Amino acid sequence: MDFLETCRSRVDAELDRRIASGSASERLQEAMRYSVLGGGKRIRPALTLAAASALGQSADAALVPACAIELIHAYSLVHDDLPAMDNDELRRGRPTAHIAFDEATAILAGDALQALAFEWLTEAPGVAASARLAMIQELARASGHSGMVGGQAIDLESVGKSLTLAQLETMHRHKTGALIEASVRIGALTAPGVSELSLNALTRYAKALGLAFQVQDDLLDIEGDTETIGKPQGSDVARAKPTYPALLGPKGAREHLSSLLSNALQSLQDFGPEADPLRAMADYVVTRTH
Ligand code: GRG
């Protein structure tokens, strides 16, 4: 997808440049770079840039906020892979950070990436001070106990339990949905004077997309292969994790996915062609192979 590829190269270059120095420890810096620059799809930063574009903003002001969100995402992956969490050894087709370095270094790299994300938001060029503050609030709420970390806590409490569809949705709305929602809303906040109406429509889009992302992720876990998805196939089933295909069956999960895609696209009905990157991102998220 052209839009995503263009975003990826801009985001990768900015991340590479920005995490080049500044760390008190060379090993820590190496672990941070390993965790961030390891070939992620960059879906969240692309959503930030696409939301800015939907409101007629250039990518320039949205780039640093987009990179800050990717730092939070990278930290969540590093911590999620730790022995105390999912205990995974493969991520993005490479050894996870605690395998490539060691557990303590991986914990510290995650901690440092989280703090760095907020530092970057405080200094985002081309963004008014009031908008920076709003972005910081948005990201803190989405990534902490009321968002991603809260969702991870629900996830840990749910292993081996059978969840209802509503409970599964609540978990994913927090664990992965909140950061996807923040990615879109933070992109929108780069537009001076963004209206409540536009922000609400973009939020509805992001909520549907966040769930769609997870349904496709669950489907890939049963239908993908380890080499393509870059992590062990079947790991959800092996861990008895509650998933959409387990609850709805693969066919039901696919139907749910297409209804979430329709909802996402429907939310953009009042936007013109400037929202095409958001539309393309929605198509990509539900058809991605890794
Ligand atoms: C442990 C603090 C803490 C939080 C963990 C969101 C989360 C909470 C962990 C992420 C781990 C995980 C596997 C979540 C499921 C969502 C998912 C598939 C994330 C991977 O996102 P992609 O596909 O990854 O965007 P890339 O590698 O492309 O960046």
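Just follow the structure's listing: the first ligand is 1, and inside any ligand the first atom is 1. All figures in this text were calculated on a predicted structure; none of them were measured in a lab.
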Kindly list each side-chain donor-acceptor pair under 3.5 angstrom involving residues 59-72, sequence neighbours excluded, with atom names and distances?
unit_1	atom_1	unit_2	atom_2	d
Asp60	OD1	Arg10	NH2	3.3
Glu70	OE2	Arg42	NH1	2.8

Just let me know how Leu77 lines up against ligand 1, side chain, backbone, both or neither, with a heavy-atom cut-off below 4.0 Å. side chain

Under 4.0 Å between heavy atoms, the region of His290 that gets near ligand 1 turns out to be neither

Examine His73 against ligand 1 and note whether any of their N/O atoms are separated by less than 3.5 Å. yes

Nitrogen or oxygen of Arg44 less than 3.5 angstrom from that of ligand 1: yes

Would you mind listing which atoms of ligand 1 come within a distance below 4.0 Å of any non-hydrogen atom of [X]?
X: Arg92; value: 26 (P), 27 (O), 29 (O)
X: Met148; value: 6 (C), 8 (C)
X: Asp217; value: 18 (C)
X: Arg288; value: 23 (O)
X: His79; value: 1 (C)
X: Thr176; value: 15 (C), 16 (C)
X: Tyr75; value: 2 (C)
X: Lys41; value: 22 (P), 23 (O), 24 (O), 25 (O), 26 (P), 28 (O), 29 (O)

Within the 3.5 Å criterion, strictly below it, is a donor on [X] or [Y] matched to an acceptor on the partner's side chain?
X: Ser53; Y: Glu274; value: no
X: Thr122; Y: Arg132; value: no
X: Ser262; Y: Ser259; value: no

Minimum heavy-atom separation for Leu199 to Val194, with atom names? N-CG2, 4.4 Å

Among residues at least two apart in sequence or on other chains, which ones pass ring-ring contact (aromatic ring centres under 6.0 Å, His included) with His172? Tyr244

For the pair Lys241 and Asp218, find out whether any cationic side-chain nitrogen is under 4.0 Å from an anionic carboxylate oxygen. no

Basic-acidic side-chain contact under 4.0 Å: Asp102, Arg27: yes

